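Input: a single structure, listed below in structure tokens.
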Amino acid sequence: MKPASIIAAVAALAGASCSGGAPAGLTLTVANRSGIDRSELASVPLASIAPRTGMPFTICDAAGDTVPYQITHDSLVVFMVRVAAADSAIFSVTPGASLAVADTLACGGFYPERKDDFAWENDRAAYRAYGPALQALGEQSYGYDVWTKSVAHPVVERRYRMHLSSPVSYHEDHGDGMDVYSVGPTLGGGAAALVDSTGALVYPRSFAEYEILDNGPLRFAVRLTYAPVVFGSDTVAEQRVITLDAGADLNRTEVLYRGLTRPARVAAGIVVHRAAAEAWSIDPTTRSATYADPTDNPDAGNGIIWLGMVAPQADSLALRPLPAPAGEAVAHILAEGTVEPGQTFVYSWGSGWSKGFVPDSATWATLVRRAAISIDQPLTVTM
């Protein structure tokens, strides 16, 4: 299923009046206890709403405007909120459906016609994971690819269609961004890997299977499963659940290693390239890191791709040189921690673009810091 064709039936949006709510309606209070203004998705269990309002229902803000929402695969109702620092916002939920649907801002799909790529995006950036057909050709691309965007609407499906059926390459900017990021045999823009007893990364290769869990309009989620690898005395199969929300600069990623029988070290990383070998920064107080990538052709005027990562479970963040340069790749910024058997390693990673929505490094540092605060102090919803 391709993302541009998806208008999620589980979402409702603006257009319907919020006046005249039935007595069975609910009031939701979204509290922001952090010291920063927030604009992001809040969530509440569907089981807390449906018995009181029935299905479908409408969510409205304090001004009486209808608010978009989506029901996710794990039975959450997610909706966009804006809440000032140390403040709260009030929403009402009443029976009855809205007449319109939300614009799709977060979506993704599988592209077998491009060697089994899996690509996804939101209104800020786009990403790609490489699949089994590419691996079968012998190419070593372990990590996440980053596609820049300068528009809020979905672009991935159109880029693939034009790239594969015409001489219009997605490696050139045709008005909405492009693919100018180099992954190679590295973790790319934020993938994770096990760390063996010698300290070496055990790269996961390409994904073997995928399952789309949510496909917009406000939240995208996919489960990627990787072929088993030998790790010490264990045979381990990696599973990743990647979630990207509308408006978010970072992907939330949960990594689980099935088959582990003992604690293991795991590291999430961002590759560092030779042309910007010093353009990285680590903030141990927020367990975050940023990097200014010069793109795969630094002299072509393609701008800067900002990379970022927040890893609350990490016990160390450091720059680690590669054993040997891999093309222009010379190091990783690694956030490393320990996982027990059956435990997930949860972290967030993402990107911005200097010719898109993130003009400079100071802006990107602020966005990553704000993401770290949002992760540490999530919004709370009470009824």
Side-chain angles (χ1 to χ4, degrees), residues 1-16 18 26 28 30 32 37-50 53 55-61 63 65-83 89 91-94 97-109 118-127 149 151-157 211-223 241-254 348 350-352 357 367 370-371 374-375 378-381:
M1 186 180 294
K2 295 300 179 60
S5 65
I6 296 170
I7 304 177
V10 295
L13 183 67
C18 289
L26 292 172
L28 304 180
V30 180
N32 170 17
D37 296 343
R38 307 278 282 273
S39 179
E40 61 194 75
L41 294 188
S43 66
V44 63
L46 177 62
S48 300
I49 292 180
T53 64
M55 294 281 289
F57 50 82
T58 298
I59 301 178
C60 297
D61 62 19
D65 295 324
T66 314
V67 175
Y69 71 87
Q70 176 183 336
I71 300 173
T72 65
H73 77 282
D74 48 354
S75 297
L76 294 176
V77 179
V78 296
F79 56 103
M80 186 61 69
V81 302
R82 291 175 174 81
V83 193
F91 298 83
S92 63
V93 187
T94 55
S98 298
L99 300 178
V101 296
D103 292 335
T104 297
L105 298 177
C107 56
F118 193 94
W120 68 100
E121 63 185 307
N122 69 354
D123 49 324
R124 306 282 291 173
Y127 305 95
K149 286 183 65 173
V151 295
H153 59 261
V155 300
V156 166
E157 183 175 343
E211 179 185 2
I212 297 175
L213 305 175
D214 295 306
N215 211 347
L218 301 177
R219 171 169 290 177
F220 169 80
V222 63
R223 179 184 291 115
V241 176
I242 304 166
T243 303
L244 182 61
D245 287 346
D249 291 292
L250 304 184
N251 297 264
R252 184 182 190 274
T253 301
E254 303 174 49
S348 297
S351 68
F357 305 112
L367 291 172
R370 291 172 64 89
S374 297
I375 292 168
L379 299 174
T380 59
V381 183

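If you read the sequence from its start, that first residue is 1, and numbering goes on from there. Fair warning: this is a prediction, and the values are worked out from it, not measured in the lab.
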Shortest non-hydrogen contact between [X] and [Y], atoms and distance:
| X | Y | answer |
| --- | --- | --- |
| Val156 | Glu121 | N-OE2, 2.9 Å |
| Val83 | Asn32 | O-ND2, 3.3 Å |
| Leu213 | Val241 | CD1-CG1, 4.0 Å |
| Ser48 | Leu26 | O-CD1, 3.7 Å |
| Thr58 | Cys60 | CG2-SG, 3.8 Å |
| Ala246 | Ala106 | N-CB, 4.2 Å |

Student check: side-chain heavy atoms of Tyr127 and Ile242 closer than 4.5 Å:
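Not touching, per the 4.5 Å side-chain cut-off.
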Just how far is it from atom [atom1] of [X] to atom [atom2] of [Y], taken to the nearest 0.5 Å?
| X | Y | atom1 | atom2 | value |
| --- | --- | --- | --- | --- |
| Ser351 | Leu367 | OG | CG | 11.5 Å |
| Leu105 | Phe220 | CG | CZ | 14.0 Å |
| Arg223 | Ile212 | CZ | CD1 | 12.0 Å |
| Asp245 | Gln70 | CG | CD | 8.5 Å |
| Phe57 | Leu46 | CZ | CG | 5.5 Å |
| Asp103 | Leu218 | CG | CG | 10.0 Å |

Are the side chain of [X] and the backbone of [Y] linked by a donor-acceptor contact shorter than 3.5 Å?
| X | Y | result |
| --- | --- | --- |
| Asp123 | Gly247 | yes |
| Asp214 | His73 | yes |
| Asn215 | Gly108 | yes |
| Arg124 | Leu250 | no |
| Lys149 | Asn122 | yes |

Is there a side-chain contact (heavy atoms from CB on, under 4.5 Å) between Ile59 and Val77 once you walk through the steps?
CA-CA 10 Å; Ile59 301 178; Val77 179; 4.0 Å; yes
Distance-only polar pair, side chains of Asp74 and Thr72, donor-acceptor under 3.5 Å
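A donor-acceptor contact under 3.5 Å links the two side chains.
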Test Ser348 against every option in Asn251, Ile375, Asp249 by the side chain to side chain contact (heavy atoms under 4.5 Å, CB included) rule and name the one that passes.
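It is Ile375, the one option of Asn251, Ile375, Asp249 that forms the side chain to side chain contact (heavy atoms under 4.5 Å, CB included) with Ser348.
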Partner set under ring pair (Phe, Tyr, Trp, His ring centres under 6.0 Å) for Phe91, not counting sequence neighbours
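Result, ring pair (Phe, Tyr, Trp, His ring centres under 6.0 Å) vs Phe91: Phe79.
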Apply side-chain contact (heavy atoms from CB on, under 4.5 Å) to the pair Arg219 and Thr243, showing each step before the final yes or no.
CA-CA 7 Å; Arg219 171 169 290 177; Thr243 303; 3.7 Å; yes
